[in-house]
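Down below is the structure, laid out as structure tokens.
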Amino acid sequence: MKSLLDDSCYQEVKTRLDNLNENSERQWGKMTVGQMAWHCQYPLKLAIENKKNASKGNWFIKAFFKKSLYNDKPWRKNLPTAPQLKAKEPKVFTEERKKLKELVDEFHALNDRDVWYPHPTFGTFTKEQWGQMEYKHLDHHLRQFGV
């Protein structure tokens, strides 16, 4: 499975982000390319901040969906999005892509981090699973916009 912590996957994602532009058209869903770049920032911020939280996650979500976050099977199109991750207003693509690229760099630099706190919804992940999940989320949305 590909991981954003892997150098070659990291470079792949950076190249794909560079291939996005303001006119990139979605293949599915409702987000604009700017909204997608904004949306993709949150999971990276969550991992980078690495905050200890009291949540143990939702047992139903963990039991049925957690493994799909970091396995080799691509996510299906039009998956539901958590309400807090839906962009409600237009986003400036160039600004959001710049922020997203900075977060991708920051996440990739965490390869030596020893302690990874649980995800507030999905619970415990290994470092490898965090890297795989972050790659898979970005891949899903980059494919959404044809890159």
Side-chain angles (χ1 to χ4, degrees), residues 1-20 24 26-88 91 93-147:
M1 176 67 209
K2 292 186 173 186
S3 168
L4 194 55
L5 294 170
D6 177 74
D7 290 340
S8 63
C9 295
Y10 163 72
Q11 289 302 326
E12 172 201 324
V13 166
K14 298 272 289 187
T15 299
R16 291 169 73 187
L17 286 170
D18 286 339
N19 288 331
L20 282 174
S24 295
R26 64 181 171 259
Q27 311 297 304
W28 70 82
K30 297 178 182 176
M31 289 188 278
T32 66
V33 69
Q35 289 171 324
M36 178 276 290
W38 175 87
H39 163 85
C40 286
Q41 294 170 34
Y42 180 79
L44 290 162
K45 288 177 185 176
L46 192 65
I48 291 164
E49 290 171 0
N50 198 37
K51 292 182 179 175
K52 191 171 187 175
N53 60 67
S55 173
K56 294 193 181 2
N58 179 307
W59 71 269
F60 178 80
I61 290 174
K62 288 191 326 188
F64 292 99
F65 300 110
K66 184 175 176 181
K67 287 184 181 177
S68 73
L69 295 175
Y70 52 82
N71 66 17
D72 285 327
K73 187 176 177 183
W75 292 341
R76 65 179 172 82
K77 299 173 183 177
N78 296 310
L79 288 171
T81 301
Q84 69 271 27
L85 299 181
K86 289 183 181 180
K88 294 178 178 47
K91 301 293 181 184
F93 167 72
T94 53
E95 293 174 14
E96 300 304 335
R97 181 177 64 175
K98 181 178 186 263
K99 291 176 196 172
L100 179 57
K101 287 171 73 174
E102 289 168 356
L103 289 166
V104 166
D105 291 342
E106 197 172 342
F107 179 84
H108 178 72
L110 297 174
N111 211 3
D112 293 331
R113 178 190 277 169
D114 292 327
V115 177
W116 292 79
Y117 286 112
H119 187 284
T121 303
F122 298 107
T124 303
F125 289 114
T126 65
K127 173 176 75 172
E128 291 76 19
Q129 290 167 337
W130 274 105
Q132 292 164 346
M133 177 180 62
E134 296 294 354
Y135 175 85
K136 193 167 182 178
H137 184 243
L138 289 166
D139 175 65
H140 175 76
H141 288 293
L142 292 169
R143 285 185 298 106
Q144 180 183 16
F145 284 87
V147 296

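No hydrogens, no waters, no symmetry mates; every other heavy atom, side chains included, goes into these values.
- In terms of modelled atom types and a separation under 3.5 Å, the side chain of Glu134 and the main chain of Gly131 share no donor-acceptor contact.
- For the pair Arg97 (side chain) and Leu17 (backbone), a donor-acceptor distance under 3.5 Å is present.
- Both the sub-6.0 Å distance and the 45° axial angle are satisfied by Lys91 relative to the ring of Trp38.
- Listed here is the closest heavy atom pair of Leu4 and Leu44: CD2-CD2, 3.8 Å.
- Residues Val104 and Tyr10 have side chains in contact (heavy-atom distance under 4.5 Å, counting atoms from C-beta outward).
- When all heavy atoms of Asn78 and Gly29 are compared, the pair lying nearest together is OD1-N, 3.2 Å.
- A 4.5 Å side-chain heavy-atom check between Lys77 and Arg143 finds every atom pair outside the cut-off.
- When every heavy atom of Leu46 is checked against every heavy atom of Pro120, the shortest pair comes out as CD2-CD, 3.7 Å.
- For the pair Leu20/Phe93, a side-chain contact is recorded, criterion being any heavy-atom separation below 4.5 Å from C-beta on.
- Comment: Asp72 does not engage Lys136 in a salt bridge, judged by the lack of any side-chain N to carboxylate O separation of less than 4.0 angstrom.
- Separation of atoms NE2 (His140) and SG (Cys40) is listed at 8.5 Å; rounding is to 0.5 Å.
- Tyr135 pairs by the ring-ring contact (aromatic ring centres under 6.0 Å, His included) definition with nothing, not counting sequence neighbours.
- Looking only at side-chain heavy atoms (C-beta outward), Met31 and His39 come within less than 4.5 Å of each other.
- Judged by a 6.0 Å distance limit and a 45° cone about the ring axis, Arg26 is not positioned over the six-membered ring of Trp28.
- By the 6.0 Å contact criterion, NZ on Lys88 is enclosed, its count of non-hydrogen atoms from other residues, nucleotides or ligands being greater than 12.
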Query raised in the report: How far apart are the C-alpha atoms of Asn111 and Asp6, what are their side-chain angles, what is the distance that settles it, and do they pass the side-chain contact (heavy atoms from CB on, under 4.5 Å) test?
Result: CA-CA 8 Å; Asn111 211 3; Asp6 177 74; over 6 Å; no
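- To the nearest 0.5 Å, the span separating CE on Met36 from CD on Glu96 amounts to 11.0 Å.
- By the side-chain hydrogen bond (donor to acceptor under 3.5 Å, both in side chains) test, Asp7 is found to be paired with His108, residues two or more places apart in sequence or in another chain being considered.
- Ion pairing between Asp139 and Arg16 holds under the 4.0 Å rule for side-chain N and carboxylate O.
- When side chains are defined from C-beta on, Lys2 does not count as touching Gln132, because their heavy atoms never get closer than 4.5 Å.
- How far CG of Leu110 is from CH2 of Trp130: 11.0 Å, rounded to the nearest 0.5 Å.
- Ion pairing between a basic and an acidic side chain is recognised when a charged N comes within 4.0 Å of a carboxylate O; Lys99 and Glu95 show no such pairing.
- Residues Asp18 and Lys14 are not paired through a salt bridge, judged by the lack of any N-O separation under 4.0 Å between the basic side chain and the carboxylate.
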**Report entry** Intermediate values then yes/no, side-chain contact (heavy atoms from CB on, under 4.5 Å), Lys98 and Glu102
**Finding:** CA-CA 6 Å; Lys98 181 178 186 263; Glu102 289 168 356; 3.3 Å; yes
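- No side-chain heavy atom of Gln27 sits under 4.5 Å from any side-chain heavy atom of Phe145.
- Here the shortest heavy-atom pairing between Phe107 and Ala47 reads CE1-CB, 3.6 Å.
- Using a 30° and 60° split on the angle between ring planes, His141 and His137 fall in the perpendicular class, above 60°.
- Taking CD1 from Ile48 and CG from Asp105, the interatomic distance works out to 9.5 Å, rounded to the nearest 0.5 Å.
- A donor-acceptor contact shorter than 3.5 Å links the side chain of Asn50 to the backbone of Tyr117.
- Within the 4.5 Å cutoff, the side chain of Met133 has no heavy atoms near those of the Gln129 side chain.
- No side-chain heavy atom of Glu128 sits less than 4.5 Å from a side-chain heavy atom of Ser3.
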